[in-house]
Amino acid sequence: MKTFKETLAEKIEAWRPRTERLIKEYGDVEVDKVTIGKILGGMRGLKCLATDISYLDPNEGIRYRGYTLQEVFKKLPKPPGSEMPYVEGVFYLLVTGEMPNEKELEHVLDEFSKRRILPRYVYEVIDSFPCCSHPMSIFSTAILTMGRESFFVKKYHAGVSKKDYWESTYEDALNLLAKLPEIGAYIYAKLYRDGKRIHSNPDLDFGANFAHMMGKEKPYDDVSRMHFIIHSDHESGNVSAHTGHLVGSSLSDVYLSIASMVNGLAGPLHGLANQEVLRWLQQLMDRMGGKIPNEEEMKQFVWDTLNSGQVIPGYGHAVLRKTDPRYALQREFSLKHLKEDPLFKYVDMLYKVVPPILKEQGKAKNPWPNVDAQSGIIQWHYGITEYDFYTVLFGIGRAIGITANLIWDRALGYPLERPKSLTTEMLEEIAGIKKSDK
Ligand code: NMX
Ligand code: MLT
């Protein structure tokens, strides 16, 4: 049987000529038009990045290596007695483009398991953070601290050929990913459990081990697997993926790139929206004195939020134009496992009242819920009520897709990313605005 790395090496060799041909023979073919609206509008929808790891269709949602999320959950191997697949399996799929068979999966499980041990200094760095630090700042720093472990940096200094950059990036990727559950669980223990840490169990898979270190019983192992898998990738234009790719393009190592992507994820318009949903719902609960609001009261709360100039967290999307399939998947899980949870009832009612209100308001291009509208409620149900922590969970999942991308970026020799900027005056000139009109 070929190892994971040998399988990948073959795939890379086979893929390289396709990219080389596109650059050499078709480099001048136009793909998209850059307008002033795109430049000043956050480059929304501009087709200017390439990745084969995943693709986001505005109506259908995300596909990982051509598979819809429903297919990913159906086809990936699952631990015995579990509803959700192995997280290690999704990494294999994202990296190689193929579903792992039993032997291949076993090999990846082993690769992850043997790289789990966290250097002592990472605990010390986490311990030394001042109180009230946000878990995402701690998470990013903990990752950054491990840069000294980078295999890529050592190889680079030893003068390795460009063609082989991907190999040490692969090692860094696996070394970091395998440690993220432990980093996340320790941040949680330090911030909310007086530093009482539960040691990792090498016999458990990524999701089950995380649940174990969080001190949670079944089905939290499946909750973790589902969470990490659905958050792992969302093509390359989102802030976290784009940041990871951009930083990696200067040949910064995996640790620097992933810490940077975590910083991008920590904004309320991106991953932090999952914590914002809970913060917002707490305000509603306080207003209602714990009673479940009726539809009219819920509508009033949504309108009050909009009228005060705030966004409805967990709703809208820069690309999607339908309900996010990641929301739908979590809703399905919630209907099965936490239908009677009072907070789920809030979220369920929001699904009914928010889209018509956003449509009536007429600003948001997508009135439907995204992944963040549902994820925190599931965590809350299983006792993780410290919602500041939720984006760390998103970050652990997202690192899986971004490291898969970083390996392929190096394998295909994607260059330093460096677009060109213009001044407002230049844009006015391009627009044909006369000096006298300004
Ligand atoms: N509530 C209120 N207004 C909204 C919302 C919303 N949920 N979504 C979009 N709008 C507004 C938006 O602020 C903008 O207003 P203005 O013209 O005053 O600047 C207008 O509608 C047009 O925005 P869009 O073009 O529809 O959205 P855009 O692509 O700029 O932004 C988001 C996408 C996701 C940033 C935006 O929908 C939003 O702020 N949503 C709430 C925060 C959120 O849930 N973020 C998580 C996204 C998923 N993730 O995990 O990263
Ligand atoms: C994501 O998962 O990255 C978010 O849905 C944001 C995006 O795709 O723009």
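First listed ligand is number 1; within each ligand, the first listed atom is number 1.
Closest to atom 50 (O) of ligand 1 among all protein heavy atoms lies D372 OD2, 2.5 Å. In this structure, the protein non-hydrogen atom closest to atom 6 (C) of ligand 1 is I312 N, 3.6 Å. In this structure, the protein non-hydrogen atom closest to atom 51 (O) of ligand 1 is H270 ND1, 2.7 Å. Counting protein heavy atoms only, atom 10 (N) of ligand 1 is closest to A364 CB, 3.7 Å. Nearest protein heavy-atom neighbour of atom 25 (O) of ligand 1: K365 NZ, 2.7 Å. The nearest protein atom to atom 7 (N) of ligand 1, hydrogens excluded, is given as Y315 O, 2.7 Å; this is a heavy-atom distance. Residue, atom and distance of the protein heavy atom nearest to atom 28 (P) of ligand 1 are R44 NH2, 3.7 Å. The protein atom (non-hydrogen) at minimum distance from atom 14 (C) of ligand 1 is K363 CE, 4.6 Å.
Considering L269, N366, N238 only, the shortest heavy-atom separation from atom 46 (C) of ligand 1 involves L269. For atom 3 (N) of ligand 1, the candidate residues are T305, V311, N274; the nearest heavy-atom contact is made by V311.
At a heavy-atom cutoff of 4.0 Å, ligand 2 is surrounded by H234, N238, H270, H317, R326, F394, R398.
Applying the ring-ring contact (aromatic ring centres under 6.0 Å, His included) test to every pair with at least one member in residues 273-306, sequence neighbours left out, gives these pairs: W280-F301.
When each atom of ligand 1 is checked for a heavy atom of H317 under 4.0 Å away, the hits are 33 (C), 34 (C), 37 (O). Contact atoms of ligand 1 toward G314: 43 (C), 44 (O) (distance under 4.0 Å to a heavy atom of the residue). Within ligand 1, the atoms closer than 4.0 Å to a non-hydrogen atom of F394 are 50 (O), numbered from 1 in the order shown.
Evaluated for a salt bridge (Lys or Arg N to Asp or Glu O under 4.0 Å) with E83, the options K74, K78, K218, K336 yield exactly one hit, K336.
Between Y55 and E235, the shortest heavy-atom distance links the atoms CD1-OE1, 3.8 Å. Closest approach of P415 to S249, counting heavy atoms only: O-CB, 3.7 Å. Across L174 and E111, no two heavy atoms sit closer than the pair CD1-OE1, 4.2 Å. Closest non-hydrogen pair, R326 versus I230, comes out as CD-O, 3.3 Å. The minimum heavy-atom distance between P85 and P79, with the atom names listed, is C-CD, 4.1 Å. Heavy atoms only, all atoms of each residue included: M136 and V392 are closest at SD-N, 3.5 Å.
Judged by a 6.0 Å distance limit and a 45° cone about the ring axis, R331 is not positioned over the six-membered ring of W368.
Checking atom 43 (C) of ligand 1 against the protein gives a heavy-atom contact under 4.0 Å. The nearest protein heavy atom to atom 37 (O) of ligand 1 is closer than 4.0 Å. Distance screen at 4.0 Å: atom 20 (C) of ligand 1 has a protein heavy-atom neighbour inside the cut-off.
Contact annotation for L306 and ligand 1: only side-chain heavy atoms (C-beta onward) come within less than 4.0 Å of the ligand. With a 4.0 Å heavy-atom cut-off, ligand 1 is reached by the side chain of A273 but not by its N, CA, C or O.
Under 3.5 Å, the side chains of E182 and Y123 contain a donor-acceptor pair of N or O atoms. For the residue pair E386 and Y188, a side-chain donor N or O sits within less than 3.5 Å of a side-chain acceptor on the partner.
In summary, the aromatic rings of Y86 and F206 are positioned with their centroids too far apart to meet the 6.0 Å limit. Ring centroids of H234 and H317 are separated by less than 6.0 Å, placing the two rings close together.
To the nearest 0.5 Å, atoms CD (Q310) and CG (D304) are separated by 10.0 Å.
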Take T7 and E104 through the side-chain hydrogen bond (donor to acceptor under 3.5 Å, both in side chains) test and state the conclusion after the steps. CA-CA 10 Å; T7 305; E104 288 160 343; 5.1 Å; no
